Amino acid sequence: MSKEERKLSGTIGYAIPSNKVETVIQPSLIVHARERGIHLIQVHVDKPLIEQGPFDCLVHKVYGDEWDAQLTQFKSKYPTTVIFDSLTDIERLNNRVSMLELVNHLPVLVQQSDTESYSFGIPKQVEIKASNDSPESLLTTMDEEELTFPVIAKPLSAKSHEMSLVFTFHGLKKVKPPVVLQEFVNHGGVLFKVYVAGDHVKCVKRKSLPDFLVSDSDTAAQFEDIMPFSQISNFDSGDEDDESIKEAEMPSLGFIHSIAKGLREASKLHLFNFDMIKDVREENRYLIIDINYFPGYAKVPGFETMLTDFFWDVINTRMKVMRVPLLVWILEKMVEESKQSVAQKLQT
């Protein structure tokens, strides 16, 4: 630890709903941060924000116009406080269409290594807005977008997690708009969850839905017309799936960091995660299927160091920015005093 780092001291206010606090703020994180001079202070969301603080940095997972007004008022009183993130930027992730549109704004990143290359994209999907659309019209829309069964039916609002897999036309009749119908891509039953906190990135492997071969009538006969995700997950043996997760190869760190950096710049967000799957149809092609703001970092091994490093970066940068006006003032003062000294000598 450098001498400068040992001297660092700062405060991070966190405004998180009570039922979500433990998904991020754990005693181990509080202790780890304090050892590096960073103090985590809870912001009580049921009390006026303006009466709390000041902080070097404020991170939050609260929504709504009232909270937005409180952030504006707080920033007016404490203009040097760094706030993560803008509600306008966060709101984009609450819509499953605008969320994945961010991926289309990334540069064409193809990371090369000595033996392989990677590419990325998103699954085909279509937004179904009108509740009075007939199943036949939905089927026509699917054909236009070249979507085939099974498809994933996701609520348009990312605040809802009630997702289902639709296997047939009859299942499509049970879908309630507004929804997004997303192409289901076989991916070996493994999900890559990438957590981002500023420049700090971690990727972990998680169990996902199993692969489906609905063209096989014997396989398709196992399933109903439409099934919720929670029910589908019971079809595979947990032990077998765990082994497949262990054997699944991680994409390269360079590729993961490039995607994370691109999404951070496109979204203007600093605290988020994204879910990625490997498309079995094409070697080394990955599809981003979901992006979430301020996720449960406590699930990530070593999250204490990851978040503390991010907080340290923020506080350190803030100190340097605030130091510039002071240095300018000192230099201006020195120049003025030098001019006065020269003037006095000329007079004598």
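Being a predicted model, the structure only gives us computed values, none of them experimental. FYI, side chains are in, hydrogens and waters are out, and symmetry mates aren't considered; it's all heavy atoms of this structure.
Counting non-hydrogen atoms of other residues, nucleotides and ligands closer than 6.0 Å to CD1 of Ile50 gives a total above 12. Atom CD of Gln42 has more than 12 heavy atoms from other residues, nucleotides or ligands within 6.0 Å. Taking a 6.0 Å sphere around NE2 of His44, one finds it holds more than 12 heavy atoms contributed by other residues, nucleotides or ligands. Within a 6.0 Å radius of CG in Asp65, other residues, nucleotides and ligands contribute 12 heavy atoms or fewer.
A continuous path of ILVMFWY side-chain contacts below 4.5 Å connects Met276 to Met250, so both sit in one hydrophobic cluster. Cluster annotation: Phe303 is not connected to Val31 through the hydrophobic network of ILVMFWY side chains, with a link wherever side-chain heavy atoms come within less than 4.5 Å.
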- Item | Residue pair Leu287, Val185: steps toward the side-chain contact (heavy atoms from CB on, under 4.5 Å) verdict | CA-CA 9 Å; Leu287 301 176; Val185 178; 3.7 Å; yes
- Message: Would Val59 and Ile83 count as a side-chain contact (heavy atoms from CB on, under 4.5 Å) here? Give the steps.
- Response: CA-CA 6 Å; Val59 296; Ile83 299 178; over 6 Å; no
- Task: Test Lys154 against Gln182 for side-chain hydrogen bond (donor to acceptor under 3.5 Å, both in side chains), laying out the working first.
- Result: CA-CA 8 Å; Lys154 299 181 175 183; Gln182 188 179 86; 3.1 Å; yes
- Check against side-chain contact (heavy atoms from CB on, under 4.5 Å), Ile315 and Ile12: CA-CA 9 Å; Ile315 294 172; Ile12 305 291; 3.9 Å; yes
- Item | Stepwise side-chain contact (heavy atoms from CB on, under 4.5 Å) check, Leu93 with Lys159 | CA-CA 9 Å; Leu93 299 190; Lys159 295 178 181 179; over 6 Å; no
- Item | Residue pair Thr80, Arg318: steps toward the side-chain hydrogen bond (donor to acceptor under 3.5 Å, both in side chains) verdict | CA-CA 8 Å; Thr80 61; Arg318 178 178 180 271; 2.8 Å; yes
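By the 30° and 60° cut-offs, the orientation of the rings of Phe212 relative to Phe167 is perpendicular. The aromatic rings of Tyr286 and Phe255 sit tilted, their planes meeting at an angle between 30° and 60°.
Glu183 places no side-chain N or O within donor-acceptor distance of the main-chain N or O of Leu147, the cut-off being under 3.5 Å. Of the possible donor and acceptor atoms, none in the side chain of Thr81 sits under 3.5 Å from a partner among the backbone N and O of Cys57. Between the side chain of Tyr195 and the backbone N or O of Val300, no donor-acceptor pair lies under 3.5 Å. A distance-only check finds a donor-acceptor pair linking the side chain of Asn95 to the backbone of Ser98 [under 3.5 Å]. At distances below 3.5 Å, at least one donor-acceptor pair connects side-chain atoms of Thr23 with backbone N or O atoms of Lys20. The main-chain N or O of Pro155 is found under 3.5 Å from a side-chain atom of Arg96 such that the two form a donor-acceptor pair. Side-chain atoms of Ser76 do not come within 3.5 Å of backbone N or O of Thr72 as any donor-acceptor pair. Using modelled atom types, no side-chain atom of Tyr293 and backbone atom of Asn273 make a donor-acceptor pair closer than 3.5 Å. Judged purely by atom type and a 3.5 angstrom limit, Gln26 uses its side chain to pair as donor or acceptor with the backbone of Glu22.
Looking at Ile25 and Ile16, their side chains come closer than 4.5 Å, going by heavy atoms from C-beta outward. You'll find the side chain of Val180 stays beyond 4.5 Å of the side chain of Ile128, heavy atoms only. With contacts defined as side-chain heavy-atom distances shorter than 4.5 Å, the pair Ser164/Phe229 does not qualify. A 4.5 Å side-chain heavy-atom check between Ile41 and Tyr14 finds every atom pair outside the cut-off. Considering only heavy atoms from C-beta on, Glu282 comes within 4.5 Å of Ser119 through its side chain. With contacts defined as side-chain heavy-atom distances shorter than 4.5 Å, the pair Lys278/Val190 does not qualify. Counting heavy atoms from C-beta on, the side chains of Pro123 and Phe184 never come closer than 4.5 Å. A heavy-atom distance below 4.5 Å is found between the side chains of Pro301 and Val204.
With rounding to the nearest 0.5 angstrom, the CH2 atom of Trp67 is 9.0 Å from the CG atom of Leu87. Of the inter-residue distances, the one linking Phe311 atom CZ with His200 atom NE2 reads 10.5 Å to the nearest 0.5 angstrom. Note: Lys207 NZ to Leu191 CG = 12.5 Å, rounded to the nearest 0.5 Å. With values rounded to the nearest 0.5 angstrom, Lys129 atom NZ is found 8.5 Å from Leu156 atom CG. Separation of atoms CG (Leu307) and CG (Leu40) is listed at 9.0 Å; rounding is to 0.5 Å. Taken from CD1 in Ile30 to CD in Glu304, the straight-line distance is 11.0 Å, to the nearest 0.5 Å.
Every residue meeting the side-chain contact (heavy atoms from CB on, under 4.5 Å) condition with Ala153, not counting sequence neighbours, appears here in chain and number order: Val166, Val175, Leu181. Residues meeting the salt bridge (charged side-chain N to carboxylate O under 4.0 Å, His left out) test with Asp85, sequence neighbours left out: none.
Side-chain polar atoms of Asp199 and His257 form no donor-acceptor pair below 3.5 angstrom. Side-chain atoms of Glu91 and Asn94 include a donor-acceptor pair closer than 3.5 Å.
In this structure, Phe294 and Lys61 approach most closely via the heavy-atom pair O-NZ, 3.0 Å. Here the closest non-hydrogen pair linking Asp56 and Thr11 is OD2-N, 2.7 Å. Of all heavy-atom pairs spanning Met99 and Ala158, the tightest one is CE-CB, 3.8 Å. Counting all heavy atoms, side chain and backbone alike, Met142 lies closest to Val151 at CE-CG1, 3.7 Å. Considering every non-hydrogen atom in both Leu269 and Arg264, the closest pair reads O-CG, 2.8 Å. Smallest separation of non-hydrogen atoms from Lys246 and Lys205: O-NZ, 3.5 Å.
For Tyr78 and Phe55, the distance between ring centers is not under 6.0 angstrom. The ring of Phe84 has its center closer than 6.0 angstrom to the ring center of Phe310.
Between Ile277 and the options Asp290, Ile289, Ile288, a side-chain contact (heavy atoms from CB on, under 4.5 Å) holds for only Ile289.
For Lys261 and Glu265, the salt-bridge test passes: some basic side-chain N is under 4.0 Å from an acidic carboxylate O. Salt bridge Asp309/Arg36: present, at least one basic N to carboxylate O contact under 4.0 Å. Salt bridge present: Asp275 and Lys193 bring a charged side-chain N and a carboxylate O closer than 4.0 Å. Under the 4.0 Å criterion applied to side-chain N and carboxylate O atoms, Glu144 and Lys124 are not assigned as salt-bridge partners.
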